[in-house]
Amino acid sequence: MNMKGLLALILSSALTAPAFAAAPNAKAPKGGNFVFNLGGEPPTVHPITATDAYSRYVQNYVCDGMATRDSETYDWKPRLAEKWDISKDNKVFTFHLRKDAVFHDGTPVTADDVKFSFDAIFEPKYEAAHLRPYYEGLTKAEVIDAHTIRFTARDLYFNNFESAATLTVIPKKIYSDIEKSKKMNRQLICAGPYVLSKFDRGQVITLKKFDKWYGNKDAAYAGMYNFDTITMRFYKDENVELERAKKGELDYLDLRVEAFMKKTEGAPWGKTIIKHKVENSAPKSYGFIGWNFRKELFQDRNVRVALAHLLNREEMNKKFRYGMSDLANGAIYLRSEYNPGNKALEFNPKKAQELLAKAGWTDKDKNGVLEKEVNGKRSEFKFTLIYPSKDTEKYYTMYREDLKKAGIDMELKYLEWNSFLKLVDEGNFDAVTMAWGGGSVDPDPKQIWHSASSVAGGSNFIAYKNPEVDKLIDEARVEPNKAKRVAALKKVYAKIAEDAPYAFLFNDKYAFYANSSRMGMPAETFKYEIGRDYWWLKAQ
């Protein structure tokens, strides 16, 4: 399981099964083609510059780090490193690489490649601002010998070991020509269990099992990566995805609550397609509407809180999610030990009107739209919300109607994923909606919420800046005592929630998915993930 703490952007038998204590089937049959819907097409799969969840799905099959988390216990397990040493002061990490690991071009994986992979993150031309918060606690990577690499930390940042252990190792020979490598948007050369064999724009990504992967002959990986090939589709429309599944063209698909409840009844569901509703301990994603702090309209906290109070999540949850979601109360999974327990903002148009009036927004000319003098000019309260998924459009249509009743004119603008990401990266929008993945069990908020991340390529694309939050994040990151760190980060998440930089949407209570009946699996879910890497093709 390649579970990185790094957050990635995502689009936002019916048994409930906390099926923990699952174990791989070491005798799982090998072979076959596993087809699933990626959901969207990644603009690039470059191992350093890619930022979205779709690219991460591809990289998890193709690339490797030195260690990974166990899907059931969350303990560290060897990957490219067969063992490691940690100094008593927790500042020096020495990894001993396997001698049988090779990249997909056949060249051996060496400590020199690991050092290059680390140094590349800090090369300005790579524009890896989204990665740097996780690696800036490490001062250097030293090559001890061809198969030994040593990382030295400058501080006690709690994620230093994890950052080093999960560093995506790429071949220096291929990626050291920076400008050339940045054009490799549809190529990916790593040392993982699968090779990227085809990336046809708008069509498909195909992976093939890497016959020289070290894990093929290692008992530690028995029962994993059982398919000969993996085919990834890019269906963004849910109805298209469901029709493809019904025709037997998909072996796996994530389901939205609404699809699980209303669109997956009757044959072939339950016969050739099996749907699941499961619980596990993986942190869950949260959706949001983010306000661009570069725009004066959203710089007043009263306005942002008012906009959140006009979002009728209770009704949306009831109408579109069948009450099976929690109302997110901030920027951290509701059931995480790091959640401070802020009260989720309720739908309250009266309170919203009071806050808007306090911010100076009133409808003096009685034309139905609030206005205010801004820099000597009369401005009406209007903005555009950009979104990349038509499946969620009804949420924002409902929101637009409630905003209109409050005197706010919101335009909805759908954009194709790549065009959408371009505007987000440029900071060229009013408001934006999407979701963050669940991230790590032990989160680090710097990637998204620190003002240092409000740079080109950074994940703080709404330009949220709060010096007190910055200070608390900086202090918490180097607090080695977990209990104290949890207490400090609770303060961080509490302050972020109070600032309302996003109108937070939902946390899912369950994971919903479906698979073709030809899939075999050890359990419906492992403790920290569904566990597709352990599936196999049943005998036909």
Ionic contact status for R201 with E41, cut-off 4.0 Å: yes
Between R154 and E136, does any NZ, NE, NH1 or NH2 come within less than 4.0 Å of an OD or OE carboxylate oxygen? no
So, do Y464 and F293 have ring centers that fall under 6.0 Å from each other? yes
Here's a test for you: under side chain to side chain donor-acceptor pair (under 3.5 Å), which of Y502, Y396, Y387 qualifies with T433? Y396
Can you check whether R477 reaches L156 side chain to side chain, under 4.5 Å on heavy atoms? no
Donor + acceptor pair across side chains of K140, T152 (<3.5 Å): no
Given D470 and W449, is the side-chain contact (heavy atoms from CB on, under 4.5 Å) satisfied, shown in steps? CA-CA 8 Å; D470 287 353; W449 298 110; over 6 Å; no
N-O pairing of E238 and R256 below 4.0 Å: yes
Any carboxylate oxygen within less than 4.0 angstrom of a Lys/Arg side-chain nitrogen, looking at K405 and E401? no
Using distance alone, with no hydrogens and no angle criterion, decide if Y399 and N312 have a side-chain donor and acceptor under 3.5 Å apart. no
Hey, mind stepping through N159 and D442 against side chain to side chain donor-acceptor pair (under 3.5 Å) and telling me if it holds? CA-CA 9 Å; N159 257 340; D442 293 311; over 6 Å; no
Using a strict 4.0 Å threshold on nitrogen-to-oxygen distance, state whether D409 and R400 make a salt bridge. no
Using 4.0 Å as the upper bound for N to carboxylate O, is an ion pair formed by D365 and R378? yes
For atom NZ of K491, is the number of surrounding heavy atoms from other residues, nucleotides or ligands below 6.0 Å larger than 12? no
Would the distance check show the side chain of S71 and the main-chain N or O of G531 forming a donor-acceptor pair, the cut-off being under 3.5 Å? no
So Y74 and V441, do their side chains get closer than 4.5 Å, heavy atoms only? yes
Considering residues, nucleotides and ligands other than K394, do more than 12 of their heavy atoms fall under 6.0 Å from its NZ? yes
Tell me whether the count of non-hydrogen atoms from other residues, nucleotides or ligands lying under 6.0 Å of NZ in K351 goes above 12. no
State, with a plain yes or no, whether a side-chain heavy atom of I386 is found less than 4.5 Å away from one of L412. no
Mind checking whether L415 and K413 have side chains closer than 4.5 Å, heavy atoms only? yes
Below 4.0 angstrom, N of the basic side chain to O of the carboxylate: do K183 and E179 qualify? no
Salt bridge or not for K236 and E416, using N-O below 4.0 Å? no
Taking the six-membered ring of F347 as reference, does the cationic atom of R313 (NZ for Lys, CZ for Arg) lie under 6.0 Å from its centre and within 45° of its axis? no
Test your reading of the model: is there a side-chain donor-acceptor pair from N37 to the backbone of L253, 3.5 Å cut-off? no
How about W269 and F260: are their ring centroids closer than 6.0 Å? no
Taking only Lys NZ, Arg NE, NH1 and NH2, and the carboxylate oxygens of Asp or Glu, determine whether E258 and K263 approach each other closer than 4.0 Å. no
Does the side chain of V278 reach to within under 4.5 Å of the side chain of I530, using non-hydrogen atoms? yes
Is K284 paired with D326 through a side-chain N to carboxylate O contact shorter than 4.0 Å? no
Using every non-hydrogen atom in the two residues, find where S163 and Y157 come nearest and quote the distance to one decimal. OG-CE2, 4.2 Å
Output, in order, the C-alpha distance, side-chain angles, deciding distance and verdict of side-chain contact (heavy atoms from CB on, under 4.5 Å) for F512 and V257. CA-CA 7 Å; F512 301 95; V257 180; 3.4 Å; yes
